[in-house]
Asks: 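Please see the structure below; I have some questions.
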Amino acid sequence: MAQLIRIQEIADYEGAEVTIQGWLYHRTDKGKLQFLQVRDGTGFVQCVVFKQEVTPEVFAAAQSLTQESSLVISGTVRKDARAPGVPGGYEIGVTDLKVIQLAQDYPIQPKEHGVEFLMDHRHLWVRSQLQWAVLRVRATVVRAIRDWLDSHGFINMDTPILTPAACEGTTTLFATDYFGEPAYLTQSGQLYNEANIYAFGRVYCFGPTFRAEKSKTRRHLTEFWMVEPEAAFCDLDQLMEIEEQFVSYIVQTCLRERAKELELLGRDTSALEKVVPPFPRISYDEALEILRRIREQTTDEELKALLAITWGDDFGSPHETELTKQFDKPVFVYGYPARAKAFYMEPWPGRPEISKSVDLLAPEGYGEITGGSERISDPDLLLQRLDEWGLPREAFTWYIDLRKYGSVPHAGFGLGVERTVTWICGIDHLREAIPFPRMLKRVYP
RNA sequence: UCCUCGGUAGCUCAACAGGCAGAGCGGCCGGCUGUUAACCGGUUGGCUGUAGGUUCGAGUCCUACCCGAGGAGCCA
């Protein structure tokens with residue numbers, strides 16, 4: 001009696017009679033010999049059908065199989081270095097095969113397709129090997145995020161998705177009708193987590209977040225996932241230590257547990273192996289100096305124009321990309337000009353024009369994956385900032401309260417899941433790092 | 001919102017200077033005992049994004065619009 005197994009555990013069944021349930025990924029017909037590439041969600045395996053080893057009915061059934069037909073297949077597991085697949089190196093010598101459904105005209109072929117076509121068929125595209133690999137890495141990233149935080153004193157505290165007001169401006173918020181009043185889809189759970197730390201010390205929220213930005217680039221989604229840790233009694237230096245430990249753990253976990261997927265994606269893992277603490281730290285001022293040098297040395301006039309920047313401006317993508325090329329690890333850039341950042345950031349001691357903020361830029365040109373800061377803890381300073389930014393005090397009554405009842409230095413950051421997955425996988429577009437991306441002009445399927 | 005590129009068969013793309021709209025893949029039929037997006041032979045397949053214009057003649061030139069991609073800005 002053949003045992004029902006999953007492809008990912010096939011190496012444990014060498015020589016055994018097994019059954020797998022899955023779908024036909026690809027078929028090569030050699031006449032009296034057929035090679036079936038079968039996937040079951042956990043992996044891909046080659047199944048070999050010899051005409052003389054099966055009944056005529058089984059052989060004909062194998063010949064009738066179309067791409068993505070569902071099937072139950074039985075046979076003997078044998079080791080064979082020629083066998084492709086994930087994990088690969090093993091194949092099944094087929095003895096029996098049952099067709100569940102013959103798929104009709106599956107649209108995606110194992111060849112190059114255009115972006116629009118693939119996005120229109122995202123519900124099917126996720127079955128393709130590379131997409132499957134990326135999304136498996138994503139699942140591991142998500143689990144590593146929770147593992148690290150849960151085991152380092154952070155408690156999960158989810159924050160609302162429907163919110164009454166903007167935390168950083170309203171133009172990029174999705175508005176909804178909340179029983180006749182406007183409510184907005186969240187851009188960040190940070191302000192709520194600043195309340196939660198006074199109950200739990202260290203917290204994190206983890207969920208989807210929404211930005212109605214009309215961004216049309218490979219680095220933007222309108223709906224993306226963000227994890228936002230926040231810690232009481234934490235300053236900017238301590239925050240950077242948390243971030244580098246956290247990010248390193250995520251990367252190393254993927255290297256350990258998703259080696260096959262990263263190999264399938266053609267990822268140069270030696271670049272990821274270098275992602276261990278400590279990460280280099282440079283100030284905004286030092287970053288400007290580096291950019292100035294790059295600008296002087298380049299002969300590329302277009303790049304020179306893109307890299308133009310004056311003190312006080314936030315970095316754009318070209319700046320981040322060029323900066324990260326200078327390092328082989330993620331790099332912290334701290335101390336951004338206060339006016340380029342949000343109202344709640346603690347000013348730098350003795351230099352009020354600078355904030356205690358820090359972004360973490362991923363190497364190889366991937367750019368910003370986290371943004372964080374130490375928050376203002378003094379109630380009077382917070383009131384002053386709200387006024388300066390033209391924000392109504394009434395809307396922030398509860399937030400101001402937090403500075404009145406046992407205020408402490410505290411800090412936090414947000415890490416973008418899709419950007420992290422994109423970087424780890426070495427792919428070039430965020431849309432492949434989430435099962436069903438939401439982008440400007442894309443809400444289907 | 002701005003800049004650049006693109007839209008031709010189910011898919012990926014050709015089509016010279018305006019002159020019969022083609023190939024590969026897929027599908028279908030046949031052949032092949034080690035294929036890795038197999039290979040070989042046959043076959044199927046078109047409102048050239050939309051509307052208008054120029055011309056004896058438009059996939060090709062002109063105008064407007066629609067859709068997509070990449071980038072800028074903004075950001076994780």
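All figures in this text were calculated on a predicted structure; none of them were measured in a lab.
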Asks: Ignoring hydrogens and angles, answer whether the base of B:rU35 and the side-chain atoms of A:Q46 contain a donor-acceptor pair closer than 3.5 Å.
Replies: yes
Asks: How would you list all residue pairs meeting salt bridge (Lys or Arg N to Asp or Glu O under 4.0 Å) that involve residues 89-102 of chain A, not counting sequence neighbours?
Replies: A:R78-A:E91
Asks: Quick one: pull up CG in A:L430 and CG in A:L221 and give me the separation to the nearest 0.5 Å.
Replies: 4.5 Å
Asks: Does A:K30 place a side-chain N or O at less than 4.0 Å from the phosphate oxygens OP1/OP2 of B:rU33?
Replies: no
Asks: Measure the distance from CG on A:L307 to P on B:rG73 and round it to the nearest whole Å.
Replies: 10 Å
Asks: Which listed nucleotide (B:rA37, B:rC74, B:rC11) is nearest to the side chain of A:E213?
Replies: B:rC74
Asks: Can you pull out the residues from residues 32-42 of chain A that lie within a 4.0 Å heavy-atom distance of RNA chain B?
Replies: A:K32, A:L33, A:F35
Asks: So what does A:E228 hit on the nucleic acid, given a heavy-atom distance under 4.0 Å: a base, only sugar-phosphate, or nothing?
Replies: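 A:E228: no heavy atom of the nucleic acid under 4.0 Å.
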Asks: Does the A:Q326 side chain pair with the main chain of A:L323, one donor and one acceptor, at a distance under 3.5 Å?
Replies: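 Not confirmed, A:Q326 side chain does not pair with A:L323 backbone.
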Asks: What's the CG-P distance between A:L65 and B:rU35, to the nearest Å?
Replies: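 A:L65 atom CG is separated from B:rU35 atom P by 21 Å.
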Asks: At under 4.0 Å between heavy atoms, what does A:Q109 touch on the DNA or RNA strands: base, sugar-phosphate, or nothing?
Replies: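 Here A:Q109 touches the bases of the nucleic acid.
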Asks: Got a donor-acceptor pair under 3.5 Å from the side chain of A:S215 to the base of B:rC74?
Replies: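 Check passes, donor-acceptor contact within cut-off.
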Asks: Got a second to check how far A:S64's OG is from A:L97's CG, nearest 0.5 Å?
Replies: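 That separation rounds to 8.0 Å.
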Asks: Across the strands shown, which category fits A:E418 at heavy-atom distances under 4.0 angstrom: base, sugar-phosphate, nothing?
Replies: nothing
Asks: Reckon A:I108 touches a base, only the sugar-phosphate, or nothing at all at heavy-atom distances under 4.0 Å?
Replies: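 Result for A:I108 = nothing.
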Asks: Test: salt bridge (Lys or Arg N to Asp or Glu O under 4.0 Å). Region: residues 411-434 of chain A. Which pairs qualify, not counting sequence neighbours?
Replies: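 Sorted result for residues 411-434 of chain A: A:R138-A:E418.
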Asks: Please report the distance, rounded to the nearest Å, between NZ in A:K111 and C1' in B:rC11.
Replies: 4 Å
Asks: Using a 4.0 Å cut-off on heavy atoms, which residues in residues 77-86 of chain A reach RNA chain B? List them by number, or say none.
Replies: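 A:R78, A:D80, A:R82, A:P84 - these, ordered by number, are the residues of the stretch whose heavy atoms sit under 4.0 Å from the strand.
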Asks: Closest-nucleotide mapping onto RNA chain B: is A:H113 or A:R442 further toward the 5' terminus? I mean the 5' end.
Replies: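 So the residue in question is A:H113.
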Asks: Would you mind classifying the nucleic acid contact of A:H220 as base, sugar-phosphate or nothing, using non-hydrogen atoms under 4.0 angstrom?
Replies: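 Base contact - A:H220 has a heavy atom under 4.0 Å of at least one base atom.
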Asks: I'd like the P distance from B:rC5 over to B:rU43, given in whole Å.
Replies: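 Pairwise P distance, B:rU43 against B:rC5, rounds to 41 Å.
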Asks: If you measure from the C1' atom in B:rC20 to the same atom in B:rG57, how many Å do you get, rounded?
Replies: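 Straight-line distance between the two C1' atoms is 12 Å.
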Asks: Please give the distance between the P atoms of B:rG52 and B:rG59 as a whole number of Å.
Replies: 15 Å
Asks: How would you list all residue pairs meeting salt bridge (Lys or Arg N to Asp or Glu O under 4.0 Å) that involve residues 436-445 of chain A, not counting sequence neighbours?
Replies: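 Output for this query lists A:D120-A:R442.
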Asks: Reckon A:K216 has a side-chain N or O less than 4.0 Å from the OP1 or OP2 of B:rG71?
Replies: no
Asks: Both A:R419 and A:D105 contact RNA chain B. Taking the nearest nucleotide for each, which residue is further toward the 5' end?
Replies: A:D105
Asks: Below 3.5 Å is the cut-off: list the nitrogen or oxygen pairs between protein and nucleotides 39-42 of chain B, distance only.
Replies:
none

Asks: Assess whether a salt bridge exists between A:R375 and A:E230, defined as any Lys/Arg side-chain N lying under 4.0 Å from an Asp/Glu carboxylate O.
Replies: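 A:E230 and A:R375: salt-bridged.
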Asks: Expressed as a whole number of Å, how far does the P atom of B:rC61 sit from that of B:rG7?
Replies: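 About 11 Å, rounded to a whole number of Å.
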Asks: What interatomic distance, in whole Å, is found between C1' of B:rC3 and the corresponding atom of B:rC47?
Replies: 33 Å
Asks: Below 4.0 angstrom, which residues in residues 420-431 of chain A have at least one non-hydrogen atom near RNA chain B?
Replies: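 Residues of residues 420-431 of chain A that come under 4.0 Å of RNA chain B are, in numerical order, A:H429, A:L430, A:R431.
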Asks: Can you find a side chain N or O atom of A:R219 that sits less than 4.0 Å from OP1 or OP2 on B:rA72?
Replies: yes
Asks: Knowing that exactly one of A:K214, A:R211, A:Q187 qualifies, which makes a side chain to side chain donor-acceptor pair (under 3.5 Å) with A:T172?
Replies: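 It is A:Q187, the one option of A:K214, A:R211, A:Q187 that forms the side chain to side chain donor-acceptor pair (under 3.5 Å) with A:T172.
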Asks: Check the distance between B:rA37's C1' and A:L130's CG and give it to me in whole angstrom.
Replies: 12 Å
Asks: Given B:rG68, is OP1 or OP2 found less than 4.0 Å from the side-chain N or O atoms of A:K441?
Replies: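 For B:rG68, OP1/OP2 do have a side-chain N/O of A:K441 under 4.0 Å.
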Asks: Taking atom P of B:rU12 as reference, at what distance in whole Å does atom CD of A:E116 sit?
Replies: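 One finds 9 Å between P of B:rU12 and CD of A:E116, rounded.
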Asks: If a stem is a run of at least 3 consecutive Watson-Crick or G-U pairs, both distances under 3.5 Å, which stems include RNA chain B?
Replies: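 Result, WC/G-U stems under 3.5 Å: B:1-7 with B:66-72, B:10-13 with B:22-25, B:26-31 with B:39-44, B:49-53 with B:61-65.
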Asks: Would you call A:E9 and A:R6 a salt bridge, taking side-chain N to carboxylate O under 4.0 Å as the test?
Replies: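 Salt bridge between A:E9 and A:R6, a charged N being under 4.0 Å from a carboxylate O: no.
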Asks: Is A:K51 atom NZ crowded by more than 12 heavy atoms from other residues, nucleotides or ligands, each under 6.0 Å away?
Replies: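 Count not over threshold, so no.
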Asks: Just to be sure I understand the rule, does A:F50 reach a base, reach only the sugar-phosphate, or reach nothing, if contact means heavy atoms closer than 4.0 Å?
Replies: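 Counting heavy atoms under 4.0 Å across all strands, the contact made by A:F50 includes a base.
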Asks: Who passes salt bridge (charged side-chain N to carboxylate O under 4.0 Å, His left out) against A:R218, sequence neighbours left out?
Replies: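 A:R218 satisfies salt bridge (charged side-chain N to carboxylate O under 4.0 Å, His left out) with no residue once adjacent residues are dropped.
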Asks: For this output row, return yes or no: ring centroids of A:Y284 and A:F315 closer than 6.0 angstrom.
Replies: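 A:Y284 vs A:F315: aromatic centres under 6.0 Å.
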Asks: Step by step, work out the ring-ring contact (aromatic ring centres under 6.0 Å, His included) result for A:Y444 and A:F436.
Replies: CA-CA 8 Å; A:Y444 175 92; A:F436 292 94; 9.6 Å; no
Asks: Of the candidate nucleotides B:rC75, B:rG73, B:rA76, which contains the atom at the shortest distance from the side chain of A:T217?
Replies: B:rG73
Asks: Taking only residues at least two apart or on different chains, which pairs with a member in residues 123-137 of chain A satisfy salt bridge (Lys or Arg N to Asp or Glu O under 4.0 Å)?
Replies: A:E68-A:R127, A:R136-A:E261
Asks: Find the distance A:Y106:OH to B:rC11:C1' and express it as a whole number of Å.
Replies: 13 Å
Asks: With a 6.0 Å cut-off on the ring centroids, do A:F413 and A:Y204 count as close?
Replies: no
Asks: Which residue pairs pass the ring-ring contact (aromatic ring centres under 6.0 Å, His included) test with at least one member in residues 64-119 of chain A, sequence neighbours excluded?
Replies: A:H113-A:F117, A:F117-A:H121
Asks: Given atom CG of A:L24 and atom C1' of B:rU35, what is their separation to the nearest angstrom?
Replies: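 After rounding, the gap between these two atoms is 14 Å.
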Asks: A:S317 side chain: which of B:rA76, B:rC74, B:rA69 is closest?
Replies: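 Of the options given, the side chain of A:S317 lies nearest B:rC74.
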Asks: Please answer whether the main-chain N or O of A:V275 pairs with a side-chain N or O of A:Q252 as donor and acceptor at a distance below 3.5 Å.
Replies: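 Yes, the answer is positive, given that a donor and an acceptor are paired below the 3.5 Å cut-off.
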Asks: What's the closest nucleotide to the A:T28 side chain, out of B:rU35, B:rG34, B:rC75?
Replies: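 Of the options given, the side chain of A:T28 lies nearest B:rU35.
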Asks: Testing the 3.5 Å rule here: is there a donor-acceptor pair between the side chains of A:E194 and A:Q190?
Replies: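 A:Q190 and A:E194 do have a side-chain donor-acceptor pair below 3.5 Å.
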Asks: What's the CD-C1' distance between A:Q104 and B:rG26, to the nearest Å?
Replies: 14 Å
Asks: Suppose the criterion is ring-ring contact (aromatic ring centres under 6.0 Å, His included): which pairs have a residue in residues 35-67 of chain A, not counting sequence neighbours?
Replies: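 Only A:Y25-A:F44, A:F44-A:W132 qualify under ring-ring contact (aromatic ring centres under 6.0 Å, His included).
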